[in-house]
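Quick notes on the structure that follows.
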Amino acid sequence: MTTARLLDGTAVANQIRAELRPAVEAFTARTGRPPGLGIILVGENPASEIYVRGKLKSAGEAGLRADIERLPASASLPQLLDLVDRLNRSEVHDGILVQAPLPASMGEDAESRVFDAVSPEKDVDGFHPVNVGRLVQNRATLVACTPSGVIELLERSGITIAGARAVVIGRSNIVGKPMALLLLHRHATVTICHSRTVELAKRAAEADILVAALGRPAFVTPDFVKPGATVVDVGINRLSTRASVERLFAAGSKRLDDFDRRGSITIGDVHPSVAGVAGALSPVPGGVGPLTIAMLLKNTMTAAMARAGWAG
Ligand code: GUN
């Protein structure tokens with residue numbers, strides 16, 4: 001059985017971070033302050049705690065100022081909007097990120113109301129409708145971090161996008177839709193698939209580049225994959241029962257050992273056996289995840305330079 005080439009997200013993320021360093025240093029020297037990122041975390045969602053910790057650590061290592069503003073799960077939407085407003089007006093914060101998901105008690109439209117309230121110039125998540133509209137028109141400055149990280153991973157791994165048939169599974173505002181637009185702007189022929197797609201596996205198997213961003217563990221099996229295709233796994237799913245891990249990984253495998261040591265493992269939306277069919281595959285962990293953070297740092301730098309009146 002052939003095994004797909006692994007697309008090394010950690011290496012590409014390190015490369016992007018190294019490229020950022022001189023820009024961060026120049027900005028700090030010229031303005032007398034580092035580029036600043038304000039992260040808002042509401043409540044105590046365990047996954048969000050881990051993501052935010054990673055973002056703070058990476059920002060610090062890159063020489064950025066990074067502050068976390070916490071609100072309790074019981075906070076009201078107006079309180080959260082006040083905090084966003086304070087960061088919008090802050091001189092030292094160039095980027096603002098409100099970690100999703102927000103507590104359900106804030107109401108169904110809380111996320112869109114909060115993302116709409118972030119100043120588009122500081123919107124390092126690229127979620128504001130102004131930034132989404134700019135992306136649609138292919139004149140974006142701040143683009144959602146995960147899909148722009150996927151593009152960096154593909155391009156820097158030598159995968160040709162122009163002319164390729166690309167299939168994106170998932171149509172979220174955070175990943176699927178911006179992903180499809182970024183691929184389109186690089187001249188791929190793009191199909192977006194979702195839960196109502198008829199003959200999903202067949203459509204996916206037409207792809208030269210398949211992006212799985214639907215949030216279901218090991219959903220994409222080898223019958224979804226054209227032999228030799230590039231498969232990008234955006235999923236981050238936690239498996240916390242041994243039976244669920246045993247269904248996917250053989251006895252004695254490293255992932256089963258990982259489970260026995262930690263009590264859970266993280267897997268993507270792509271089944272491990274896809275490695276026998278795909279030409280190239282991004283692993284989970286170590287694929288798209290590190291790039292999401294690298295692109296957040298890059299967006300913060302872009303926002304800081306634009307605010308300082310420098311060309312991006
Ligand atoms: N929650 C999961 N992914 C993201 C992201 O990219 N940005 C924010 N703000 N929250 C998230």
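One is the number of the first residue; the rest follow in order along the sequence. Order of listing sets the numbers, starting from 1, for every ligand and every atom in it.
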Against heavy atoms of L97, which atoms of ligand 1 measure under 4.0 Å? 9 (N)
Pairwise side-chain contact, I39 with L37, heavy-atom cut-off 4.5 Å (strictly under): yes
What is the closest protein heavy atom to atom 10 (N) of ligand 1, and at what distance does it sit? A100 N, 3.0 Å
Taking atom types as modelled, is there a side-chain donor on D67 or H93 under 3.5 Å from an acceptor on the other? yes
Which of these passes side-chain contact (heavy atoms from CB on, under 4.5 Å) with L210: V232, I169, L281? I169
Is it the side chain (CB and beyond), the backbone, both or neither of F127 that lies under 4.0 Å from ligand 1, heavy atoms counted? side chain
What is the nearest protein non-hydrogen atom to atom 6 (O) of ligand 1, stated with its residue, atom name and distance? D125 OD1, 3.8 Å
Go through ligand 1 atom by atom and flag the ones less than 4.0 Å from a non-hydrogen atom of V98. 8 (C), 9 (N)
Is there a donor-acceptor contact under 3.5 Å from the side chain of N45 to the main chain of A47? yes
Any heavy atom of T292 under 4.0 Å from ligand 1? The part involved is neither
Between the side chains of N131 and R134, does any donor sit under 3.5 Å from an acceptor? no
Verify the distance criterion only: is there a donor paired with an acceptor across the side chains of T189 and R165 at less than 3.5 Å? no
Who's the nearest protein heavy-atom neighbour of atom 11 (C) of ligand 1, and how far? Q99 NE2, 3.4 Å
